[in-house]
Amino acid sequence: MEYAAIYRMGVETLKAAGIEEALLDARLLLEEACGTDRNTLLAHGDFEVSPRQEECYMDYIRKRSGHVPLQHIVGYQDFMGLRFQVSPAVLIPRPDTETLVEEVMFFLHDGMRVLDLCTGSGCILLSLLRYSNDCVGTGSDLSEEALETARENASRLGLCAEFVKSDLFEAIEGKFDMIVSNPPYIRSGDIPGLMEEVREHDPLMALDGGEDGLGFYREIIGQAGEYLYPGGMLFFEIGHDQGREVSEAMRGTGYRDVKVCKDLSGLDRVVYGRF
Ligand code: GLN
């Protein structure tokens, strides 16, 4: 079958299944199945797809029609220009979280010690290490399976970081220049209303921030001071409507220069302050 024809078939199947980004997803899955790039559809639509490639593509389309996230089908997500392996044990890295990494990078100097709480795939910590020199990184997570994915990502990217199983600070030792976290922050009551891809395929423990969504921020803000050098900084990703509460909690605990920053959609996404 011809490349453009099989692409259109995939688009129709995804549309019928109610997949919002049917055009984009069908193209990306076809490129993954055939080892092609964006130009192929534009310039070589008459290219003959082999039976094996076709079978692989149709399998991907079937999975995506069942609302399995694209990233779980292909096994990776690009973030900060780096490729991260994903698994059902980790939150799929989101473009919004690049805003957090970028804000941290304004303040990150060579040789600093960085702690990433609720590290998941490790995408935040490993991006920071990749774009700095001689920084020392620790990532913690409650999920051993998530830590395995994070360790695999470190090794694939050729980066050295320590990943420890810890309930927030429980098993953390020493002090840091920067503590960063994208903790679970969705209100428990909002979880049933999330997209199926998120609700059914991202780990619940990476999403559920308790009744008011702020439980992890309270705990982290309450304890981070013990783990920060004087003048050290705490950075959070937040939900778009949590900027006021999280920044007030930081100020109330003695943090200075507390700031709320917006993501590329213009929504509050990051809060940070200096201890
Ligand atoms: N940003 C994620 C979402 O909207 C939530 C991530 C989190 O809770 N830390 O699905």
Side-chain angles (χ1 to χ4, degrees), residues 19-21 25 67-72 76-80 84 86-104 114-128 139-143 145-147 149-150 153 163 166-169 178-221 224 234-247 249-250 260-272:
I19 302 297
E20 245 171 65
E21 302 269 15
D25 288 5
H67 291 260
V68 175
L70 187 88
Q71 296 86 345
H72 285 178
Y76 62 82
Q77 169 65 47
D78 291 342
F79 178 86
M80 293 299 296
F84 289 91
V86 298
S87 71
V90 303
L91 187 84
I92 295 168
R94 313 285 209 255
D96 294 340
T97 306
E98 294 183 338
T99 303
L100 172 64
V101 173
E102 284 163 1
E103 290 299 329
V104 178
V114 184
L115 171 65
D116 176 17
L117 297 170
C118 312
T119 193
S121 66
C123 66
I124 298 170
L125 182 69
L126 295 172
S127 300
L128 292 171
S140 80
D141 206 286
L142 193 52
S143 157
E145 283 166 286
L147 292 166
T149 302
N153 279 321
F163 287 104
S166 176
D167 185 357
L168 299 181
F169 291 102
M178 305 253 172
I179 299 177
V180 304
S181 186
N182 173 18
Y185 58 68
I186 313 272
R187 288 176 201 87
S188 305
D190 289 344
I191 292 193
L194 297 175
M195 280 172 71
E196 185 177 337
E197 280 80 349
V198 177
R199 192 184 65 228
E200 299 293 328
H201 298 278
D202 275 315
L204 181 64
M205 68 182 280
L207 300 171
D208 191 346
E211 196 176 335
D212 66 356
L214 300 167
F216 286 85
Y217 300 112
R218 277 193 287 270
E219 274 201 53
I220 295 171
I221 292 168
L234 175 60
F235 289 80
F236 286 120
E237 176 171 322
I238 54 157
H240 65 90
D241 54 358
Q242 296 171 325
R244 193 177 51 80
E245 281 112 324
V246 175
S247 53
M250 285 182 73
V260 181
C261 314
K262 293 192 187 302
D263 62 22
L264 292 175
S265 319
L267 300 171
D268 287 349
R269 187 59 61 197
V270 171
V271 178
Y272 66 78

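One-based numbering along the sequence shown. Below, each value reflects all heavy atoms present in this structure, side chains not excepted, and no hydrogens, waters or symmetry copies. Each ligand, and each atom within it, is numbered from 1 in the order the structure gives.
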Would you confirm whether [X], through its side chain, and [Y], through its main-chain N or O, come within 3.5 Å as a donor-acceptor pair?
| X | Y | result |
| --- | --- | --- |
| R187 | G210 | no |
| E197 | P69 | no |
| S181 | L117 | yes |

Can you tell me how far apart CG (D241) and OH (Y185) are? Round to the nearest 0.5 Å.
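That separation rounds to 9.5 Å.
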(request) Determine whether the side chains of S188 and D208 contain a donor N or O and an acceptor N or O closer than 3.5 Å. (result)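 There is such a pair between these side chains.
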* **Residues in contact with ligand 1, criterion: heavy atom under 4.0 Å** =>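 These residues qualify: L91, R94, N182, P183, P184, Y185, I186, V198, A206, L207, E237.
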Residues that F236 engages under ring-ring contact (aromatic ring centres under 6.0 Å, His included), provided they are two or more places apart: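 F236: ring-ring contact (aromatic ring centres under 6.0 Å, His included) contacts with Y217.
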